[in-house]
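Notes for the one structure printed next.
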Amino acid sequence: MPKINKILVANRGEIAIRVMRSARELGIKTVAVFSDADSTAQHVQFADEAIHIGPAPASQSYLLGNKIIEAAKTSGAEAIHPGYGFLSENAGFAEQVSEAGLIFIGPPPEAIRIMGDKLSAKAAVAAYNIPMVPGSDSGISDFEKALNEASAIGFPILIKAAAGGGGKGMRIVNSREEFKEQMDRAISEAISAFGDGSVFIEKFITKPRHIEIQVLGDQRGNIIHLFERECSVQRRHQKVIEEAPSAVVSSEMRNKMGQCAIDVAKACGYFGAGTVEFIVDEKLDFYFLEMNTRLQVEHPVTELISGVDLVKEQIYIAEGKELKIKQKDLVILGHSIESRIYAEDPYNNFLPDIGTLNTYRRPQGAGVRVDDGYEEGMEIPIYYDPMISKLVTYGKDRTEAIQRMVRAISEYHISGVETTLPFCKFVMEHPSFISGEFNTRFVEDHFDGKPPEGEEDEELVAIALAAYHLKLSKSQNNNSLNHKSKKWKKRLQN
Ligand code: ADP
């Protein structure tokens, strides 16, 4: 069995650090790679060594498989961990890594290839008894045929890109009349995002919940599941808040979904850590959506309720070790919630807000985990995903996890950019979230995109305070003004 002594992490930001932490605990040396934009980044400082791989745009650095493999060889690393995003679901890269005599810490390339295309994924699992959303099993080529198929399924329907990801290339069609226009749009979006215009039809589930199952499989055919994560609070079809366990999944439903997820993994000869996503309708019937063949952003909530370090398991599996964890030994302990803190303005349609973190103070205390890659004074580069951190809380039950999230948000001080912090607070305090009665329409149904009244009042108070201190300053020295103005500035910014 190959023993891994050094890992190159082909990623940046919080996930690179997260992977390196587990490696370090196992006594494994770490190698970071970085672009021009990241020469002083946290992941570079954290690693035992770091190798520059190119200019800031990801296409000239973090997506250059050859350069990354070369860096691994130069540094003497035996294995490459891809994190999520970038090259993590690139079957060609996984293959190249093996061909170079290195270990890819992830699933076999064939599994990535099958699951990377939503249509081939559906075809692969067809032999198993897995519930699927009604829809086409091949790409749309003939418009008339597709329209007939859509009518037979019944509107509204969803047009999806087979190569889809990140919610791109997805269009809802409410009636026959809209079909042609939306199909053309979906195809052109899919071509520009994925270079592949293949699209297909799925029934649009009107008030769905997004619930996914974490799986782990070794190279000897053992596969287990580590329960579910609910990721229904989304904007632009993308997750913002995740939790484990789900507020609505019974142990019977969990067992069924877990078994389906294991079957999906079996269907593609999976090993490593992976996630099988399901969409759940109002009757709590679930349907297979897709499989993500990598570590998910939201994996910490599973780690906190199961006590399993998923990255360590990925490393053991890559070394060829047998899974030590048995399904029957796994239990859910407590509840965990993750808030994704993006540099985005929730009061301006969640548009990215790039800038410098003038203030950056993390929350601390019991039941709080912050996975991030930033320090005060750092700039958020425009080249990459605008996620600043993942704020994760853990409690003995859902109520305590929510209370801790509200408390942690109040302790988290960020200024210089707008963030999703106030939105996450809004969700935690919303009766629908608290009661567990919510779905992927949470933002449309409940969030009006305006700052709460209270906050506006506070701003007025801050402005009044500012005026007062300005007046005061005329009769005082500058130091005192600086001190006081900082205080009200902070009030304005928070
Ligand atoms: P992507 O790979 O682009 O992330 P997914 O298939 O994982 O696409 O779907 C992303 C999100 O889009 C889901 O979490 C859900 O909110 C919504 N969605 C996907 N399929 C459907 C469907 N058939 N009906 C309703 N909503 C859907």
Side-chain angles (χ1 to χ4, degrees), residues 84-85 88-90 112 114-122 125 130-137 139-140 149-150 153-174 182 185-187 189-214 228-243 246 248 257 261 264 274-294 296-298 338 340 350 385 387 438-447:
Y84 55 69
S88 62
E89 289 178 290
N90 183 320
I112 303 180
I114 294 171
M115 292 298 159
D117 181 290
K118 294 183 203 290
L119 284 169
S120 71
K122 285 182 188 225
V125 305
I130 291 159
M132 313 263 243
V133 185
S136 45
D137 44 23
I140 300 176
E149 212 175 320
I153 293 167
F155 290 97
I157 58 117
L158 196 61
I159 300 181
K160 275 183 166 181
K168 293 195 190 95
M170 220 185 270
R171 314 290 314 187
I172 301 167
V173 189
N174 290 303
Q182 297 293 14
R185 279 199 197 178
I187 292 174
E189 233 174 88
I191 291 173
S192 73
F194 315 109
D196 172 0
S198 166
V199 296
F200 66 99
I201 301 167
E202 223 172 64
K203 176 156 188 61
F204 181 68
I205 315 273
T206 37
K207 289 179 180 171
R209 303 179 76 114
H210 174 119
I211 301 180
E212 60 190 30
I213 302 277
Q214 175 71 52
E228 79 280 6
R229 292 184 287 259
E230 162 127 29
C231 319
S232 296
V233 180
Q234 305 181 343
R235 45 101 185 78
R236 293 190 287 271
H237 297 300
Q238 290 301 292
K239 305 157 187 173
V240 195
I241 285 167
E242 301 98 342
E243 63 180 319
S246 159
V248 294
M257 290 181 89
V264 170
T275 296
V276 181
E277 299 191 331
F278 296 93
I279 195 150
V280 178
D281 69 13
E282 283 179 285
K283 291 186 285 179
L284 295 184
D285 287 331
F286 61 87
Y287 306 95
F288 170 62
L289 212 51
E290 64 165 347
M291 180 170 194
N292 289 327
T293 53
R294 54 172 163 82
Q296 299 272 95
V297 175
E298 60 274 20
E338 172 177 284
R340 296 195 194 183
F350 293 92
D385 184 72
M387 194 173 75
F438 59 96
N439 53 55
T440 60
R441 291 185 47 84
F442 183 92
V443 170
E444 290 96 315
D445 289 350
H446 304 300
F447 185 65

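Both counts, for ligands and for their atoms, begin at 1 and track the order of listing.
- The aromatic rings of Phe288 and Phe278 lie perpendicular to each other, with more than 60° between the two planes, well past the 30° mark.
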Q: Dump the intermediate steps for salt bridge (charged side-chain N to carboxylate O under 4.0 Å, His left out) on Arg294 and Glu89, then the final yes or no.
A: CA-CA 7 Å; Arg294 54 172 163 82; Glu89 289 178 290; 2.8 Å; yes
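- Within the set Leu289, Asp281, Ile279, the minimum heavy-atom distance to atom 26 (N) of ligand 1 is found for Ile279.
- The two residues Ala193 and Lys168 have their closest heavy-atom pair at CB-CD, 3.8 Å.
- Of all protein heavy atoms, the one lying nearest to atom 24 (N) of ligand 1 is Ile205 N, 2.9 Å.
- Contacts between Thr206 and ligand 1 below 4.0 angstrom, taking non-hydrogen atoms only, are absent altogether.
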Q: Just do the salt bridge (charged side-chain N to carboxylate O under 4.0 Å, His left out) check on Glu290 and Lys160 with the steps written out, would you?
A: CA-CA 12 Å; Glu290 64 165 347; Lys160 275 183 166 181; over 6 Å; no
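- If you number the atoms of ligand 1 from 1 as listed, the ones under 4.0 Å from a heavy atom of Glu277 come out as 7 (O).
- Residue Gly164 has at least one heavy-atom neighbour below 4.0 Å for each of these atoms of ligand 1: 2 (O).
- Protein heavy atom closest to atom 7 (O) of ligand 1, with residue, atom name and distance, is Glu290 OE2, 2.7 Å.
- In this view, Glu230 and Arg209 satisfy the salt bridge (charged side-chain N to carboxylate O under 4.0 Å, His left out) rule, not counting sequence neighbours.
- Using a non-hydrogen distance threshold of 4.0 Å, Lys239 does not register as a contact of ligand 1.
- Within the 3.5 Å criterion, the main-chain N or O of Gly169 finds a donor-acceptor partner in the side chain of Glu189.
- In terms of protein heavy-atom proximity, atom 3 (O) of ligand 1 is closest to Gly167 N, 2.6 Å.
- Residue, atom and distance of the protein heavy atom nearest to atom 11 (C) of ligand 1 are His237 O, 3.9 Å.
- Interface atoms of ligand 1 facing Gly166, defined by a heavy-atom separation under 4.0 Å, are 1 (P), 3 (O), 4 (O).
- Considering each of Lys118, Lys160, Gln238, the one bringing a non-hydrogen atom nearest atom 1 (P) of ligand 1 is Lys118.
- The heavy atom nearest to atom 10 (C) of ligand 1, considering only His210, Glu202, Gln234, Met170, is found in Met170.
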Q.
Under the criterion side-chain hydrogen bond (donor to acceptor under 3.5 Å, both in side chains), I'd like the reasoning laid out for Arg236 against Gln234: C-alpha separation, chi angles, the key distance, then a yes or no.
A. CA-CA 7 Å; Arg236 293 190 287 271; Gln234 305 181 343; over 6 Å; no
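- For Thr440, every heavy-atom contact with ligand 1 shorter than 4.0 Å involves the side chain, none the backbone.
- In this structure, CG on Asn439 lies 12.0 Å from CD1 on Ile205, to the nearest 0.5 angstrom.
- Using modelled atom types, no side-chain atom of Glu243 and backbone atom of Glu338 make a donor-acceptor pair closer than 3.5 Å.
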